[in-house]
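Here is the structure we will look at, set down as structure tokens.
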Number of protein chains: 2
Amino acid sequence: MGIFSKTCEYAIRSVFFIAHRTAGQSGRVGIKEIALGIDSPEPFLAKILQDLSRRGIVQSTKGPNGGFYLDSASLERPLSDIVAAVDGNDIFYGCGLGLKQCSEINPCPLHNEFKDIRNKIHLMLHETKIGEFNAELMNGMLSLKK
Amino acid sequence: MGIFSKTCEYAIRSVFFIAHRTAGQSGRVGIKEIALGIDSPEPFLAKILQDLSRRGIVQSTKGPNGGFYLDSASLERPLSDIVAAVDGNDIFYGCGLGLKQCSEINPCPLHNEFKDIRNKIHLMLHETKIGEFNAELMNGMLSLKK
DNA sequence: ATAATAAAAGACTAAAATGTCTTTTATTAT
DNA sequence: ATAATAAAAGACATTTTAGTCTTTTATTAT
Ligand code: SF4
Ligand code: SF4
């Protein structure tokens, strides 16, 4: 497994996808199209998006012309909100070697280097906004497909 | 979960433990003592060490006064050898968003930042030698216990 | 109002990670 | 040689993660 769980990878990619497909115009995009757009198993992604919807990270409406979209507030959220919602905060504060009490007083051998990496991840996810890549995704410079 | 699997966390901590307990003197240390020393479930750790032993990352002998130890070559190995043996190479080369073809030509939105983090992890694990912390572990400045 | 549409909800299955227990094999001290 | 010791091997059990399928609820166009 990578840094994130599979669930979280799908979550991030789908939210990027929804963002770039619905920014500006008030359109919605359906689960089938999203699943296709990010190469993910559709029913599994549905579960994930239901959860993100309940948590207010994505917006959705049922019925004809319904689907998922992002309001302007959601577009401004940092990526870390998705990660925290799906995988929790372990990646920001957790311990690389599985110790409970990470501290400067009682550090594990990799303490300093790990802190550095953790901070880098923290920074990346907090400074990156969900809507940030819309233009590049639109013109095909970035990819969300396997 | 953290950066590594639980199996890998135990692996790293146990190898550190064996290293500092057997460096210099030609002693061995038994599974019970190791499990105690790193707060891990003994039978599970036994599995892990059997695997590391088969792969030549730790050494062992059976019978009275038997146990695990590290020869001088093993002490010089980089941490990355343990991680690669247990968790594979995904953490060094894998994709943060689960895409198959990470490339400069077809990058995902987090390409550059991820590359940076991945390189930092790579560096940390390749430059850190297994026997590197023996002195600090000996005098209690570093901890391997939950 | 009704039918069509699309997400929400919930029950279910499959696979992988984590953890336990029992038996076997190798080593060594006697 | 024998008995004691300690790891190796392998069969299980449990939990978590990943993935599927069916039914229900909300929305909208007619
Ligand atoms: S730096 Fe070391 S002690 Fe601190 S959380 Fe990471 S592994 Fe634990
Ligand atoms: S940087 Fe982006 S494209 Fe490259 S491996 Fe990471 S997630 Fe994939």
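Convention: sequence-line order gives letters A, B, ...; per-chain numbering from 1. For the numbers below, each heavy atom of this structure counts, side chains included, while hydrogens, waters and symmetry mates do not.
Shown are R77(A), Q59(A), E76(A); of these, the side chain to side chain contact (heavy atoms under 4.5 Å, CB included) with L70(A) is made only by Q59(A).
Within the structure, every pair that satisfies the salt bridge (charged side-chain N to carboxylate O under 4.0 Å, His left out) test and touches residues 44-57 of chain B, not counting sequence neighbours, is listed here: D51(B)-R54(B), D51(B)-R55(B). Each salt bridge (charged side-chain N to carboxylate O under 4.0 Å, His left out) pair with one or both residues in residues 25-37 of chain A, not counting sequence neighbours, appears once here: R21(A)-E33(A).
From L99(B), atom CG reaches atom OG of S143(A) across 6.0 Å, with rounding to the nearest 0.5 Å. To the nearest 0.5 Å, atom CD1 of residue I34(A) and atom CG of residue L45(A) are 6.5 Å apart. Atom CG in L125(B) sits 5.0 Å away from atom CZ in F92(B) (nearest 0.5 Å).
Using a 4.0 Å cut-off on heavy atoms, the residues of residues 42-53 of chain B that approach DNA chain D are K47(B), Q50(B), S53(B), listed by number.
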Pair F4(B), V86(B) - check side chain to side chain contact (heavy atoms under 4.5 Å, CB included), show working.
CA-CA 9 Å; F4(B) 307 123; V86(B) 178; over 6 Å; no
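Across all strands, R54(B) comes closer than 4.0 Å only to sugar-phosphate atoms, never to a base (heavy-atom distances).
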What does the 5'-to-3' dot-bracket notation of DNA chain D look like when only Watson-Crick and G-U wobble pairs under 3.5 Å count, and pairs to other strands show as |?
||||||||||||||||||||||||||||||
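Shortest non-hydrogen contact noted between G96(A) and F114(A) is CA-CZ, 3.6 Å.
Mapping K62(A) and F68(B) onto DNA chain D by nearest heavy atom places F68(B) at the nucleotide closer to the 5' end. The residue among R28(A) and S5(A) whose nearest nucleotide of DNA chain D is located toward the 5' end is S5(A).
In the displayed structure, M138(B) atom CE is contacted under 6.0 Å by more than 12 heavy atoms of other residues, nucleotides or ligands.
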List the atom pairs, donor and acceptor, that lie under 3.5 Å between side-chain atoms in residues 126-134 of chain B and the rest of the protein, sequence neighbours left out.
from, atom 1, to, atom 2, distance (Å)
H126(B), ND1, H122(B), O, 2.9
T128(B), OG1, M124(B), O, 2.6
E132(B), OE1, K129(B), N, 2.7
N134(B), OD1, H20(B), N, 3.3
N134(B), ND2, G131(B), O, 3.4

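Heavy-atom contacts of chain B under 4.0 Å fall on DNA chain D between two terminal nucleotides, which in 5' to 3' order are dA4(D) to dG10(D).
The distance from atom CD1 of I31(B) to atom C1' of dG19(C) is 13 Å, rounded to the nearest whole Å.
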